[in-house]
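Questions regarding the structure given below will be posed in turn.
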Amino acid sequence: MRKFYLLLIALCCFNLVNAEPHDGEPCGINMDWVFYDGTQVLFLQGSGAMYDYTGEKVVPWAEYRNQIKEIDYERGEGKSTFTSIGAGAFSDCVNLESVDIPATVTLIGESAFNSDTKLKSFTFHEGMKIGNYAFYRSGLTTVTIPADVTIGVSTFAKCSNLTTFIVDENNKKLCASGGVLYSNDKQILYNFPPADIMNRSAYTISDVTTQIGNSAFAYSKLTDVTIPATVTIIGSEAFAEMPNLKTLTCYATTPPVIYGNTFEETDISSATLYVPYGMENAYSKADGWRNFGSIKTLTPTGKCGDNITWTFNTATKELVLTGTGAVDDYIEVEAPWTPFAEFIVGLKIGKNITSIGERAFYNLYALTTVSGMEDVVCIADEAFAWSGIENIPLGDKVETIGTGAFHACGMLAGTINIGPKVASIGSGAFTRCHNITSFAVNANNEKYIGYQDALYSADMRVLLAYPAGKTEETLAIPDGVRTIAQGALTWSDFLKEISIPASVETMENDNFSYMYKLSKVYSLATLPPVTTDVDCFYLQANATLYVPKGAVADYTTAVGWDNFGTIVEIEKEAIPQTQSVQNDANSKIIRQGQLIIRKNGKLYNVVGTELK
């Protein structure tokens with residue numbers, strides 16, 4: 001009866017007068033099928049999941065597999081609501097050209113259409129999960145992936161006719177970049193289309209990619225591939241059967257892990273592998289990599305801005321930047337000279353370069369000397385952070401020093417000279433610089449001032465930075481200071497005792513942390529200054545806080561201040577008094593041309609307006 005029912009449907013839809021129907025065992029608990037040899041169409045109907053056909057389990061239409069040209073389903077409300085195409089269901093259907101399945105299908109099983117070489121297109125529905133090898137070696141030419149669709153391992157690998165991938169911008173798992181299929185964050189490269197619609201001969205993998213998937217470049221016609229320093233794993237057959245491959249450039253300083261068949265059927269014995277300076281030996285000993293016909297050092301030059309070129313001189317070990325304008329930011333990607341980080345000892349910034357980008361020289365731990373920079377106006381956030389620099393020539397044109405610009409430059413020593421035009425210094429610009437002993441500010445600077453070797457705002461209301469390498473053991477913050485800026489005192493290596501005046505109202509994040517010798521802190525304010533961080537006094541459990549009589553309860557419950565192991569109240573007169581800058585006739589902040597003029601115990605700006 002079931003066979004007859006399906007036959008009638010087909011006759012009505014396709015007028016298959018001479019077609020002979022064939023059916024067999026159900027293909028799911030509630031699924032049936034029928035094949036018409038006259039039109040070579042296989043119909044599916046029913047509900048629920050299709051069986052998986054793995055191992056020794058044979059599909060019920062096995063004898064018709066090579067005849068199937070089209071897969072369709074029964075129309076009509078509620079008649080075809082099946083939810084999956086089973087694993088292996090239509091693999092090796094060598095004449096299959098068209099597939100039409102209902103939107104209720106949410107799963108395409110493993111190897112479901114594997115090796116269907118005449119299948120040129122397939123419509124993927126929202127919410128589909130596509131299994132491992134589902135379209136492996138199929139004839140797909142364009143793959144369009146909607147939002148909420150996920151894929152497995154080698155889902156579209158070795159599709160020799162595939163020209164491009166298109167992925168909905170709302171897909172949170174996948175993305176297409178230039179027709180190449182990546183994970184949404186680009187950390188995994190899944191597939192480069194072998195029949196690339198752009199007909200590229202060279203391709204550079206995204207700078208954030210960490211893994212190249214199985215068969216990612218297999219069958220492609222590329223001659224040159226560039227692998228970024230971030231890649232650590234390259235999958236099975238990733239570069240298999242690439243007849244034109246001549247050059248592979250790998251910026252990774254440690255040879256990425258590869259499989260024995262990563263370069264399967266690709267003649268790398270006649271190809272050249274370019275690797276970072278000093279890494280030839282490591283690659284020549286690494287499994288798989290050693291099989292390249294030639295392993296050479298990368299040409300250490302490139303672009304680092306619209307009009308800026310960088311070159312690493314392997315003889316002098318100096319990084320030289322020339323050109324005009326701004327050096328690029330490197331926030332999400334590493335700077336192009338990162339592969340040479342352990343060798344760069346000198347840096348020269350040429351004339352007409354006006355801006356150093358974010359993290360441009362981040363973690364150049366071997367770098368010791370910096371020269372040039374005479375035209376630099378902006379030093380962006382973390383530009384030199386964690387580098388080994390011992391000097392920094394801040395020219396007279398510098399206007400901006402970004403947040404953390406020199407953070408953790410532990411070898412940066414001596415006096416830091418702040419030029420006349422510096423108008424913005426970001427928080428923590430000089431934190432954890434253990435060898436800085438003083439800050440000196442140009443007399444014509446209207447925003448900042450140097451006082452007793454520390455860096456303050458010009459009106460002396462904000463303490464911005466205290467030199468961590470200054471060897472004095474006590475600090476009396478001047479009366480009149482209202483704010484202690486973020487990281488101003490952190491990592492001060494020698495301070496044992498600090499007095500905070502009653503004028504201080506706010507103490508920002510990370511101020512007194514990592515001060516291992518600090519044993520006494522005196523606060524003259526009856527009410528605790530506001531701290532913006534619970535760890536403002538991090539690691540000060542062994543230090544003693546001295547506060548005015550009657551203020552212990554407030555300090556004990558105040559955010560940040562409660563980090564102290566001991567809080568003691570003493571008479572205000574017994575607290576070491578801080579010096580008022582208004583009464584210091586010999587203060588270094590009285591300079592001809594300065595913004596601050598001190599007269600009769602009061603402060604004025606250069607046009608005579610009193611500063612309150």
Side-chain angles (χ1 to χ4, degrees), residues 130 132 145 149-157 165 167 169 171-193 200 202-218 220 222 224-240 242 245 247-264 266 268 273-279 282-283 286-289 292 295 298 302 304 328-342 358-360 362-365 382 385-386:
I130 312 171
N132 301 341
I145 301 176
V149 168
T150 60
I151 65 173
V153 175
S154 298
T155 297
F156 301 106
F165 288 92
V167 180
E169 62 181 10
N171 192 304
K172 296 180 180 180
K173 297 293 185 180
L174 303 168
C175 76
S177 177
V180 181
L181 185 62
Y182 285 89
S183 59
N184 185 267
D185 57 9
K186 291 189 177 180
Q187 290 194 10
I188 302 174
L189 188 157
Y190 288 111
N191 287 103
F192 182 93
R200 287 167 285 197
Y203 184 72
T204 298
I205 297 169
S206 169
D207 283 341
V208 298
T209 299
T210 60
Q211 181 177 344
I212 301 173
N214 293 351
S215 303
F217 289 91
S220 81
L222 292 170
D224 302 277
V225 179
T226 298
I227 302 171
T230 50
V231 169
T232 58
I233 300 174
I234 301 177
S236 171
E237 297 190 321
F239 296 97
M242 296 178 65
L245 185 65
T247 302
L248 189 68
T249 301
C250 186
Y251 282 93
T253 52
T254 299
V257 175
I258 63 176
Y259 290 78
N261 63 350
T262 292
F263 298 101
E264 185 81 13
T266 296
I268 60 174
L273 172 65
Y274 287 95
V275 299
Y277 175 74
M279 294 296 109
Y283 277 85
D287 290 341
W289 298 103
F292 274 84
I295 300 178
L298 282 165
C304 58
D328 289 335
D329 293 326
Y330 296 99
I331 304 170
E332 296 182 354
V333 299
E334 292 182 329
W337 42 79
T338 300
F340 309 100
E342 64 179 294
E358 287 191 46
R359 291 195 162 202
Y362 183 87
N363 202 29
L364 289 187
Y365 49 87
E382 297 187 312
W386 292 94

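Just so you know, these numbers come straight off a predicted model, no measurement behind them.
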Under 3.5 Å: donor-acceptor pair, side chain of T204, backbone of T226: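 Not at all, since once roles are kept as given, no pair shorter than 3.5 Å links the two residues.
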T209 side chain to K186 backbone, donor-acceptor under 3.5 Å: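 Indeed, once roles are kept as given, a pair shorter than 3.5 Å links the two residues.
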C250 versus Y283, closest heavy-atom pair with distance: SG-OH, 3.2 Å
Donor-acceptor contact below 3.5 Å, side chain T266 vs main chain M242: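 Yes, because the side chain of T266 sits within donor-acceptor range (under 3.5 Å) of the backbone of M242.
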Any V208 side-chain heavy atom under 4.5 Å of V333 side chain: yes
Close aromatic pair by centroid cut-off 6.0 Å: Y274 and Y251: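 So the answer is no for these two rings.
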Shortest non-hydrogen contact between N132 and V153, atoms and distance: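 Looks like OD1-N, 2.7 Å.
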Close side-chain approach of I212 to F217, heavy-atom, < 4.5 Å: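 Sidechains of F217 and I212: in contact.
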Minimum-distance pair of heavy atoms, taken over all atoms of D224 and T247: OD1-CB, 2.8 Å
Exercise: do S236 and N214 side chains pair donor with acceptor under 3.5 Å: no
Close side-chain approach of F239 to L248, heavy-atom, < 4.5 Å: yes
Spacing of W386 atom CH2 and Y362 atom OH [to the nearest 0.5 Å]: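 Nearest 0.5 Å value for the CH2-OH distance: 7.0 Å.
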Closest non-hydrogen atom pair between L222 and R200, with its separation: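 Looking at all heavy atoms of both residues, the closest pair is CD2-O, 3.4 Å.
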Polar side-chain atom of W337 near backbone of A360 as donor-acceptor pair, under 3.5 Å: yes
Heavy-atom pair of closest approach, residues N171 and N184: O-ND2, 2.8 Å
Over 12 foreign heavy atoms within 6.0 Å of OH, Y203: yes
Side-chain heavy-atom pair I268, W289 within 4.5 angstrom cut-off: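 Counting from C-beta outward, I268 and W289 never come under 4.5 Å.
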N191 vs V180 side-chain heavy atoms within contact, under 4.5 Å: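 N191 vs V180: side chains apart.
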Donor-acceptor under 3.5 Å (T262 side chain, G235 main chain): yes
Nearest non-hydrogen partners of I233 and P256, listed with the distance: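 Distance-wise, the nearest heavy atoms are N-CB, 4.3 Å.
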Spatial distance of atom CG (L174) from atom OH (Y190) [nearest 0.5 Å]: 6.0 Å
Contact check, side chains of F263 and F292, non-hydrogen atoms, under 4.5 Å: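 Touching, per the 4.5 Å side-chain cut-off.
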Side-chain touch T150/K172, heavy atoms, less than 4.5 angstrom: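 With C-beta onward as the side chain, the pair stays apart.
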Check against side-chain contact (heavy atoms from CB on, under 4.5 Å), F156 and S215: CA-CA 9 Å; F156 301 106; S215 303; over 6 Å; no
Beyond-backbone contact of I331 with R359, side-chain heavy atoms, under 4.5 angstrom: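 No - every pair of side-chain heavy atoms lies 4.5 Å or more apart.
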